[in-house]
Amino acid sequence: MAMPTAASQTRIDLINLRKKLSLAQRGKDLLQEKMDALAIEFFNMARGVSRLRREAMKKLAEAHASLSACLGLKGTIETMQSVRETKKDFEIEISSRIVMGVEVPQVTVMAGERSVAESGYGIYTTGPITDRVAGEFREALRLLCELAGLESSLRMIARELERTRRRVNALEHVTIPETKVKIKMIEMKLDEIERDNFVRLKGMKTLRERRG
Amino acid sequence: MRRDIFELELERLNLHLPKRRISLGEALRAERPCVVTRSGKIHTFDRRELEMLVGLLEGDEVERLMLPILIEINPALGRGAARIPGNLEAKVVGKILKKREGETIIYRPEIAELRRKLPTTTCYVFLGGGR
């Protein structure tokens, strides 16, 4: 721990150090509040990620089961042909929102439900099972896009949380105790100087009285 | 050197606040409802949240509710407590959290619930730090 040098043990240094201590304590309180707020955001997002992941996995499993059924019912060639013919229009909008100074992505899927006619594949070689596969994969893709956005936000918030925690720890365990020690040392030194002066003045007074 | 970093950190705390807040009505009319933050970034509001807020308001309140709704964090209130400034804002938050009318102080579990329901239309503001 760096100790104040003899040259820096003056009353003005004491005032400056007291200001620094007050700022550090205020900063610690505020950063702790920020950390709490980030933790709230983190857990809210983590819950969302977990829910979305569960839903996406469920939907993907359903879509794959439907695809297997479709391959069995319609045949591989017809199904693959329908896949090639399906319109690949899937519109998503990526905007940003700011969470405690962290810019996180906000993914909005614009693509909604679409009718069989809008899907692009021929209606003579396909059937309801093909429509179901298309719909389920589309829904799974929507969930995956939202999941990607939320997971990326979660990682960003976690990084900011870690950074804030480091700052709070540095203030709590290094800056504040270090400053308190410095203040104590300067106070002791100034008290010592004051006592010295007092004794010297007392001595001078006694000397003057003796002389006359 | 360290002192400078912390001062900078305190000044950075409120950079996510908007330069200018907009009313709910203004946000609904905009093609892309958003505000510009003090750091110059774009903060977009979710339209579903705006519609949810409209459902909670009556008459001209839509034009008077300013967005984002601020959640004032002040260490003087105690750790984990926050205040909702503005009567209308407090009323809306009260309806969302099912609180008694007139209560402007909310606590950590309520903050979490509020942020879960309104992640884009609310934002934190830190008081008592920076210059």
Side-chain angles (χ1 to χ4, degrees), chain A residues 2 16-17 19-48 51 93-108 110 146 149-150 153 157 160 163-164 166-168 170-172 174-176 178-179, chain B residues 2-3 5-18 32-49 68 71-82 108-117 119-131:
Chain A
N16 284 340
L17 280 174
K19 270 188 203 160
K20 182 183 171 181
L21 182 65
S22 139
L23 177 79
Q25 270 164 344
R26 209 173 57 202
K28 191 195 92 180
D29 289 345
L30 278 167
L31 287 177
Q32 262 174 346
E33 293 283 0
K34 180 181 175 179
M35 210 169 74
D36 291 348
L38 280 169
I40 289 175
E41 295 303 318
F42 180 82
F43 286 114
N44 276 350
M45 280 184 188
R47 256 193 295 271
R51 179 184 54 81
E93 189 190 280
I94 300 176
S95 50
S96 62
R97 70 182 175 104
I98 316 291
V99 181
M100 318 282 307
V102 187
E103 192 175 6
V104 297
Q106 193 180 355
V107 179
T108 317
M110 313 297 278
E146 282 180 13
L150 206 56
S153 308
I157 294 289
E160 183 68 14
R163 212 175 64 86
T164 311
R166 267 205 303 272
R167 296 261 192 268
V168 171
L171 280 170
E172 196 172 352
V174 181
T175 311
I176 293 176
E178 205 175 84
T179 313
Chain B
R2 195 185 298 128
R3 185 181 172 202
I5 293 169
F6 287 119
E7 276 187 9
L8 196 74
E9 192 71 27
L10 290 185
E11 280 161 19
R12 245 171 45 95
L13 273 176
N14 285 323
L15 282 182
H16 62 283
L17 289 179
R32 191 167 167 239
C34 63
V35 285
V36 179
T37 67
R38 287 186 192 176
S39 57
K41 293 174 182 168
I42 305 283
H43 175 83
T44 317
F45 297 124
D46 189 337
R47 212 164 264 283
R48 281 169 296 188
E49 284 176 44
I71 304 172
E72 252 181 36
I73 306 263
N74 190 344
L77 292 174
R79 198 170 167 187
R108 202 175 300 168
E110 292 166 328
I111 300 175
E113 194 185 337
L114 180 65
R115 288 289 295 162
R116 196 164 46 244
K117 287 181 176 164
T120 65
T121 47
T122 54
C123 86
Y124 295 97
V125 48
F126 293 93
L127 297 183
R131 280 171 291 173

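Lettering of chains follows the sequences in order, A, B, ..., and the numbering in each one begins at 1.
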Under a 4.5 Å heavy-atom cut-off, does chain B meet the side chain of I98(A), its backbone, both or neither?
-> both

Distance-only polar pair, side chains of E93(A) and T108(A), donor-acceptor under 3.5 Å = no

Indicate whether the side chain of R32(B) and that of S95(A) have a donor and an acceptor atom separated by less than 3.5 Å.
-> no

Is it the backbone or the side chain of Q32(A) that comes under 4.5 Å from a heavy atom of chain B, or both, or neither?
-> both

In terms of heavy-atom pairs under 4.5 Å, which option from G48(A), G27(A), A24(A) contacts chain B the most?
-> G27(A)

Between E160(A) and R163(A), is the closest basic N to carboxylate O distance under 4.0 Å?
-> yes

In terms of heavy-atom pairs under 4.5 Å with chain B, which of R47(A), M45(A), M100(A) leads?
-> M100(A)

Would you check if S96(A) and P105(A) make a side-chain contact, meaning some heavy-atom pair closer than 4.5 Å?
-> no

Excluding sequence neighbours, so at least two apart, what forms salt bridge (Lys or Arg N to Asp or Glu O under 4.0 Å) with D29(A)?
-> none

Taking every heavy-atom pair that is under 4.5 Å apart, which of A82(B), P119(B), C34(B), P109(B) has the most such pairs with chain A?
-> P119(B)

Between R115(B) and A37(A), is there a donor-acceptor pair closer than 3.5 Å when you use the side chain of the first and the backbone of the second?
-> no

Tell me the residues of residues 36-44 of chain B whose non-hydrogen atoms fall below 4.5 Å from those of chain A, in number order.
-> T37(B), K41(B), I42(B), H43(B), T44(B)

With sequence neighbours left out, what residues match E146(A) under salt bridge (Lys or Arg N to Asp or Glu O under 4.0 Å)?
-> R142(A)

Begin from the C-alpha positions of V125(B) and I73(B) and carry the test side-chain contact (heavy atoms from CB on, under 4.5 Å) through to its verdict.
-> CA-CA 6 Å; V125(B) 48; I73(B) 306 263; over 6 Å; no

For E33(A), is it the side chain, the backbone, both, or neither that has a heavy atom closer than 4.5 Å to a heavy atom of chain B?
-> both

So which part of D46(B) gets closer than 4.5 Å to some heavy atom of chain A, the side chain, the backbone, both or neither?
-> both

Which residues satisfy the salt bridge (Lys or Arg N to Asp or Glu O under 4.0 Å) test with R79(B), sequence neighbours excluded?
-> D36(A)

